[in-house]
Amino acid sequence: MAENSIITAKKAVVIGGSTGSIDVLLQVLPVLSVPLTYICIIVLHRRNTADSTLAHLLSLKTTIPVREVEDKEPVRPGIIYLAPADYHVLIERDRTFALDDSEKVNYSRPSIDVTFESAAEVFGPSLIGVLLSGANADGTAGLKAIKKKGGLLVTQLPATAQAAMMPQQAILNTQVDYILDIQGISSLLNNLNL
Amino acid sequence: MVMIEDEQMDLLLTDLFERYGYDFTHYARASLKRRINRVWSLDKFPSFAELRYRIRNDSEYIKRFVEELTVNVTEMFRDPFFYRALRTDVLPTLAAKPFIRIWHAGCSTGEEVFSMAILLKEAGLLHKSLLYATDINPDVLASARKGIVALSQMKQYSENYVLSGGVADFSMYYTAQYSYAKFLDELAERMVFSTHNLVSDRSFNEFDLILCRNVLIYFDKALQQRVLSLFDESLGLLSYLALGAKETLRFSTLETKYRPLNGEKIWRKIV
């Protein structure tokens, strides 16, 4: 399966979230179709402790492997990649990960904008950007970059978000394609899983 | 936000190399691009042509530009559990040596070098150790040499110190002066600071421990391999190599010659 899916993986999904987004993922992950045929990268704001508790927590909810990104590893479909605490996650044109511990962006490292902008350059119109709950403006500039390259924008329905600011900022400032509740996000992701 | 094109980036990198000898061509492309976009915005160049003109014709500006391209984020006892592993698993195996040589490659402003000196002092090894601290950037080295950090950081550093297994009163290692903390001269006495460019310079000694943390992430795979080979040449049998929390030997030829220590990014040379 692995060999085959590298060739056929056309879509890539980047998911960003802050306050209240872990709860969303804990509901979405258990219903995702297995195996995952697209590339999936998650960037969550978190405390800068370098432990792997979050990856462990998420991995309890799905049989899809959940891994913190390591520098230079190839970006493969079928795995849920998680941005490590205290690093920005970038993607090179040869589809390998590159980590960066430079200045915080939007008071955040990892920053959602940084990963979204970088993924937009590499995946172009094959990219779907999903912005979840959060009390921060991170993610909006990233979604703009994805749109500019022809990708698809999704946000959580603000009324269903524990912190509505992040999706709201995006809806106000970009052309979001789908505004979905948690169940809607799950089924959109499963529709990508061809 | 401005976005430099790939072709424009190549022009700048060629200028930097041909005119000034700085070779950034094997830096990790995605993050270097962000760095260039950042300086372009910060210094408010109205166009790429003007940025390039300044770089080609203002050798004073180059100093700033190069400094902004390299990342100088560091802290004391960064990843405290890494330092705990140094205390419990690495230093005891070096204690029997008559002399201990340590190289901090890409030491930036020196916070990790002072952390190391504190570990060595607490293990009773500082008097017979020498810490070589190098960086490409002379300005950060000048700052490291002073042994001064902002007092506002000390609460965080003190917490890191405790998490790393430190049991002393951390404040005995520095004196507070205005808004700064200055480390004891005793710690700095065993340090040698020098510029060293990992891209172009060679090995200069043999070491028992090399630390190069969150430097390799800024290099592409080819340059990573070059630098790791340089470290390999500079390490004797049973010596240690320590990298950043998300860096790995996995994509290099060193992998089979080094055995990882449990849990932390520390490897011991076994062949």
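Throughout, protein chains are lettered first and strands after them, A, B, ... in sequence-line order, and every chain is numbered starting at 1. Below, each value reflects all heavy atoms present in this structure, side chains not excepted, and no hydrogens, waters or symmetry copies.
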query: For the candidates Tyr218(B), Phe81(B), Phe251(B), which exhibits the highest count of non-hydrogen atom pairs separated by less than 4.5 Å from chain A?
result: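 Result: the option with the highest number of such pairs is Tyr218(B).
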
field: Residue selection (most heavy-atom pairs with chain A, distance under 4.5 Å) from Arg250(B), Gln224(B), Lys33(B)
entry: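 Result: the option with the highest number of such pairs is Gln224(B).
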
field: Partner chain B: residue of Pro84(A), Ala145(A), Ala141(A) with the largest heavy-atom pair count (under 4.5 Å)
entry: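 Top count of heavy-atom pairs under 4.5 Å with chain B: Pro84(A).
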
- prompt: Which of the residues Asp100(A), Leu90(A), Val114(A) is involved in the greatest number of heavy-atom pairs with chain B at under 4.5 angstrom?
  reply: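 The answer is Asp100(A).
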
query: What distance separates Phe77(B) CZ from Tyr161(B) OH, expressed to the nearest 0.5 Å?
result: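 Those atoms lie 7.0 Å apart.
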
Name of the residue among Thr62(A), Leu57(A), Ile182(A), Leu60(A) meeting side-chain contact (heavy atoms from CB on, under 4.5 Å) with Leu26(A):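 Going through the options one by one, the only one that passes is Leu57(A).
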
- prompt: chain A heavy atoms under 4.5 Å from Asn72(B): which part of the residue, side chain, backbone, both or neither?
  reply: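 For Asn72(B), no heavy atom lies under 4.5 Å from chain A.
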
- request: Answer with side chain, backbone, both or neither: which region of Leu216(B) has an atom nearer than 4.5 Å to a non-hydrogen atom of chain A?
  value: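 Answer is backbone: N, CA, C or O of Leu216(B) sit under 4.5 Å from chain A.
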
message: Whether Arg213(B) engages the ring of Phe82(B) as a cation-pi pair (distance to the six-membered ring centre under 6.0 angstrom, angle to the ring normal within 45°) should be assessed.
response: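 Satisfied, under 6.0 Å and within 45°.
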
[X] versus chain B, heavy atoms under 4.5 Å apart: side chain, backbone, both or neither?
X	answer
Glu121(A)	side chain
Val122(A)	neither
Val89(A)	neither

field: OH/Tyr178(A): more than 12 non-hydrogen atoms of other groups inside 6.0 Å
entry: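 Count not over threshold, so no.
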
field: Output field: ring centroids Phe45(B)/Phe65(B) closer than 6.0 Å
entry: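 No, the ring of Phe45(B) stays outside the 6.0 Å limit from the ring of Phe65(B), centre to centre.
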
task: Decide if the gap between the ring center of Tyr27(B) and the ring center of Phe219(B) is smaller than 6.0 angstrom.
output: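 Close enough - the centres of the two rings lie under 6.0 Å apart.
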
Closest non-hydrogen atom pair, Glu68(A) against Ala55(A):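 The answer is CG-CB, 4.1 Å.
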
